[in-house]
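Chain A is the first sequence line, chain B the second, and so forth, proteins listed ahead of strands; every chain is numbered from 1.
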Protein chains: 2
Amino acid sequence: MTNLNPEFCEVNESLEILVGKWKPIILLNLLAESPMRFSELKRAIPKITQKMLTKQLRELESQEIIMRKVYAQVPPRVEYSITEYGQTLRPILNAMHQWGLKHKERSITKLPV
Amino acid sequence: MTNLNPEFCEVNESLEILVGKWKPIILLNLLAESPMRFSELKRAIPKITQKMLTKQLRELESQEIIMRKVYAQVPPRVEYSITEYGQTLRPILNAMHQWGLKHKERSITKLPV
DNA sequence: CAGAATCCCCATAGATACTG
DNA sequence: CAGTATCTATGGGGATTCTG
């Protein structure tokens, strides 16, 4: 069932989307709640700078993983939401999250290899 | 079932291991065949430089994802193999690979969002 | 509110040459 | 065979300031 042929590796396709210091946490937020405003995301991820938040959102948008909706009003209102396509990343994020939990356990209990 | 709480994100744990330009392809090779010699890996991944191969292998080794075994002989023989722990990454790599295949289909057929 | 514009640092990764 | 050792370039990411 696991036909992971190294000659035919498509792992990088999704990796390229996920790589970026803040992308996983942005995606987790938008998977949990869409849409979210720029300021809501900023508040949810306090340590990110505005520049980085903007940049990572733009990248995800250009890959059609998220959508950006601008409301023509003052003050500006911009909402981000996950696309249907973006939702297909959920199994990957889930697998990674689950692995991360196990990994933490392991490093705490320091199981022998 | 999908308890992907953004407040409690463990996605980066595995991401940190997978990130590195050559790590996924190295892991796929060692998941398909272990052990492999340094030169076999080099041949399997022609575009990688020796320096990068060494570096990425060392990093994976320090994370206990792979094992390095040196044979005291001339010429030197060094074998790399995936650890049991490293094998737990397979579901993630599989999910990513599957996603990559779908992604390729999508970008070829240019489905509307 | 939601950014754009600058300036800056450093880690990643490539090329090349050398070696026990 | 399986690496080191250098040198260098690129760009990811951070801090700060400014703006429609």
Applying side chain to side chain contact (heavy atoms under 4.5 Å, CB included) between A:Leu30 and each of A:Ile66, A:Ile25, A:Leu60, A:Ile65, report the one that passes. A:Ile66
Anything under 3.5 Å between a protein N or O and an N or O of nucleotides 17-20 of chain C, put it in a table, one pair a line.
none

Can a donor-acceptor pair be found, under 3.5 Å and without considering hydrogens, that links the side chain of B:His97 to the backbone of A:Leu4? no
With heavy atoms of chain A within less than 4.0 Å as the criterion, where does contact along DNA chain D begin and end? D:dG12 to D:dG20
I'd like to know if the side chain of B:Lys42 reaches the main chain of B:Ile48, judged simply by a donor and an acceptor atom lying under 3.5 Å from each other, with no hydrogens or angles considered. yes
Show each protein N/O and nucleotides 12-14 of chain C N/O combination with a separation under 3.5 Å, one pair to a line.
| from | atom 1 | to | atom 2 | distance (Å) |
| --- | --- | --- | --- | --- |
| C:dA13 | OP1 | B:Lys21 | N | 3.0 |
| C:dA13 | OP2 | B:Gln56 | NE2 | 3.3 |
| C:dG14 | OP1 | B:Lys21 | NZ | 2.4 |
| C:dG14 | OP2 | B:Trp22 | NE1 | 3.1 |
| C:dG14 | N7 | B:Lys51 | NZ | 3.3 |
| C:dG14 | O6 | B:Lys51 | NZ | 2.2 |

Scan A:Tyr80 against the nucleic acid and name what it touches under 4.0 Å (heavy atoms): base, sugar-phosphate only, or nothing. sugar-phosphate
Is the closest basic N to carboxylate O distance between A:Arg77 and A:Glu79 below 4.0 Å? yes
Does a side-chain N-to-carboxylate-O contact under 4.0 Å join B:Arg106 and A:Glu13? no
Could you grab the distance from atom CG of B:Leu57 to atom CZ of B:Arg68, nearest 0.5 Å is fine? 9.0 Å
Using heavy atoms and a sub-4.0 Å distance, could you list which residues of residues 24-33 of chain A are near DNA chain C? By number, please. none
Using modelled atom types only, decide if a donor and an acceptor are shared between the side chain of A:Thr83 and the backbone of A:Met67 within a distance under 3.5 Å. no
Under 4.0 Å between a side-chain N or O of A:Arg37 and OP1 or OP2 of C:dG3? no
Residue pairs fulfilling side chain to side chain donor-acceptor pair (under 3.5 Å) with at least one residue in residues 14-24 of chain A, sequence neighbours excluded: A:Lys23-A:Glu59
Output all residues satisfying ring-ring contact (aromatic ring centres under 6.0 Å, His included) with B:Trp99, sequence neighbours left out; order by chain, then residue number. A:Tyr85, B:His103
How long is the gap from CG on A:Leu53 to CZ on A:Arg58, to the nearest 0.5 Å? 9.5 Å
What's the spacing between A:Leu31 CG and A:Ser81 OG if we round to 0.5 Å? 11.0 Å
With B:Ile26, which of B:Met36, B:Met52, B:Gln56 fulfils side chain to side chain contact (heavy atoms under 4.5 Å, CB included)? B:Gln56
For C:dG3, take OP1 and OP2 only and decide whether either is under 4.0 Å from a side-chain N or O of A:Arg58. yes
Pair B:Glu10 + A:Lys104, salt bridge at N-O below 4.0 Å: yes
